[in-house]
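Below: one structure, written as C-alpha cells.
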Amino acid sequence: MMRDEWGEMLISAWNKAGWINQPSRVGDRIASLIGAAPGTVVMGDTLTIKVYQALASALEINAERRIIVSDNGNFPSDLYTAQGLIESLDRGHELRLCAPEAVEDYLSEEVAVLMLTEVDYRTGRLHDMKALTAKAHAKGIVTVWDLAHSAGALPVHLASAGADFALGCSYKYLNSGPGGPAFIYVAPGLADKIRPVLAGWLGHEDPFAFDLDYRPGAGIERMRVGTPPVLQLTALEASLDIWDLADMNDVRAKSIELSDLFIELVEDGCPDLTLASPRDGRQRGSQVSFRFDHGYAAMQALIERGVIGDFRAPDIMRFGFTPLYIDAEDVRQAASAIGQVMTDRLWDDESYRQRSTVT
Ligand SMILES: *Cc1c(COP(=O)(O)O)cnc(C)c1O
C-alpha cells in the first residue's frame with residue numbers, strides 16, 4: 001500500500017485505490033465477525049469517540065427519559081464519556097451503575113439507554129447480550145454494546161440479539177496494531193433515523209459538494225466523521241485476511257480449552273493467586289485474571305521472563321488468550337513461569353515495584 005498506492009498514486013489513491021470507501025469495506029468484513037449484516041458497520045476514530053456517538057444518538061431516541069444504566073465493571077472511558085455527555089446536555093440525565101450481576105434489576109421504564117461492555121475488562125465475565133437486550137427492549141430501552149473484548153475473541157451475534165448500537169476497537173483481539181481504528185454498528189432500520197452528533201464532512205450525504213449545511217449520509221455512513229486512518233486500516237485488512245481463514249466457533253472452542261488448561265495449571269502451582277474470572281469457560285471472554293496483592297510487581301517479573309500480560313488496579317493480573325497464535329505449549333510455559341515467579345518470590349524486587357505509565 002505504501003509503495004504502490006501512496007508512493008505512486010499520491011492523493012489520487014483516494015479514488016484509484018478506493019481509500020475513500022475503505023471504512024465501509026473493512027466495516028463489512030468486521031460485520032461478518034460480529035453477526036451483523038453488510039452495510040451496518042463502519043470504521044473510524046477510536047472507541048471512545050464511537051461510544052460518544054452511539055450514546056448521544058441513543059439518548060435522542062428516548063428523549064423523554066433521563067437514566068443511563070451501566071455496570072461498575074464497565075471500562076472507565078465509557079463511563080467518563082457518559083458523564084461528560086450528561087454535563088454537556090445539561091438536561092438532568094443520570095448515570096446509574098450497578099453490579100454486573102444486577103443489571104436486570106435496574107431495567108425500568110425510566111431508563112433511556114442500557115450501555116454495557118459485553119466482556120468485563122477486569123474479570124472477563126460475559127454478559128448475556130441476547131437476554132439483556134430482549135429485557136431492555138421490553139421496557140423500551142435502547143441498547144449500546146461495547147465489544148472491545150468480544151470482537152475476535154468469541155462469536156458475537158448482533159443481529160440475532162437485536163442490539164441497537166455496538167462498537168469496539170480493532171487493536172485488541174483483531175490485531176490491527178496500536179491505535180488502530182474502532183468500528184461502530186447501528187441496527188438496520190435505525191441508522192437512517194438517528195441524528196449523528198459528530199456531524200463531520202465524511203458523514204455528509206455528499207462530502208464533495210462542500211455544502212455549507214450538513215445533511216446526514218445514508219445509513220451507517222453518517223457515523224463517519226473525518227479522514228480515515230488509511231495506514232492503520234490497511235494493517236487491519238492484512239489481519240482480517242488471516243481471520244478469513246478461521247472459523248470463530250473453532251477459535252472460541254480453542255480459547256476455552258487453552259484458558260481452562262491455564263487455570264488448572266496456575267491453580268495447581270500458585271496457591272497465592274485467586275481466580276478473578278468465571279470458572280465456567282462459557283461465562284468468560286478470552287482472558288483469565290487472577291488477583292494477587294503484589295500483582296503489579298509479579299506481572300513485571302513475568303514480562304521480563306517473556307510472559308506478557310497486564311495489570312489492572314487494584315490487584316488484577318490479566319492474561320489474554322489468542323488461539324490464532326498461542327497453543328497449549330505456550331500455556332504450559334507461561335504457567336510454569338508464573339509458578340516460578342510465585343514460588344521463588346521473584347516478584348519481591350524493588351525494581352518491579354516502580355509503576356510505569358501504562359500498567
Ligand atoms: C480498550 C477499551 C476502550 C479504549 O478506548 P479507546 O478510545 O480506543 O482508547 C474503551 N472501552 C472499552 C470497554 C475498552 O475495553
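Both ligands and their constituent atoms are indexed starting at 1 by order of listing.
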I'd like to know whether CD of Glu87 has more than 12 heavy-atom contacts from other residues, nucleotides or ligands below 6.0 angstrom. no
Could an N or O of ligand 1 be found under 3.5 Å from any N or O of Thr48, whether backbone or side chain? yes
In ligand 1, which numbered atoms sit nearer than 4.0 Å to a non-hydrogen atom of Ala148? 12 (C), 13 (C), 14 (C), 15 (O)
As an exercise, identify every atom of ligand 1 less than 4.0 angstrom from a heavy atom of His149. 15 (O)
Working for ring-ring contact (aromatic ring centres under 6.0 Å, His included), residues Tyr296 and Trp347: CA-CA 9 Å; Tyr296 181 78; Trp347 52 265; over 10 Å; no
Does Glu237 form a side chain to side chain donor-acceptor pair (under 3.5 Å) with Gln22? I'd like the steps, not just the answer. CA-CA 9 Å; Glu237 286 195 282; Gln22 196 182 25; 3.1 Å; yes
Taking NZ, NE, NH1 and NH2 as the nitrogens, is one of them in Asp45 or Lys50 under 4.0 Å from a carboxylate oxygen of the other? yes
If we number the atoms of ligand 1 from 1 as shown, the ones under 4.0 Å from a heavy atom of Thr46 are 7 (O), 8 (O)
Going by the atom numbers of ligand 1, which of them fall below 4.0 Å from some non-hydrogen atom of Thr117? 13 (C)
Can you confirm whether the side chains of Trp145 and Thr133 place a donor and an acceptor under 3.5 Å from each other? yes
Using modelled atom types only, decide if a donor and an acceptor are shared between the side chain of Arg25 and the backbone of Gly18 within a distance under 3.5 Å. yes
If you count the atoms of ligand 1 from 1 in the order shown, which ones are under 4.0 Å from a heavy atom of Tyr171? 1 (C), 4 (C), 5 (O), 6 (P), 8 (O), 9 (O)
Per-atom filter on ligand 1: closer than 4.0 angstrom to a heavy atom of Asp146 are 11 (N), 12 (C), 13 (C)
Looking at ligand 1, is there an atom of it that comes within less than 4.0 Å of some heavy atom belonging to Lys172? yes
When you compare the side chains of Thr48 and Thr81, does any donor N or O come within less than 3.5 Å of an acceptor on the partner? no
Looking only at protein heavy atoms, which one is nearest to atom 11 (N) of ligand 1, and what is the separation? Asp78 OD1, 2.6 Å
With nothing but distance in play, are any N or O atoms of Asn74 less than 3.5 Å from an N or O of ligand 1? no
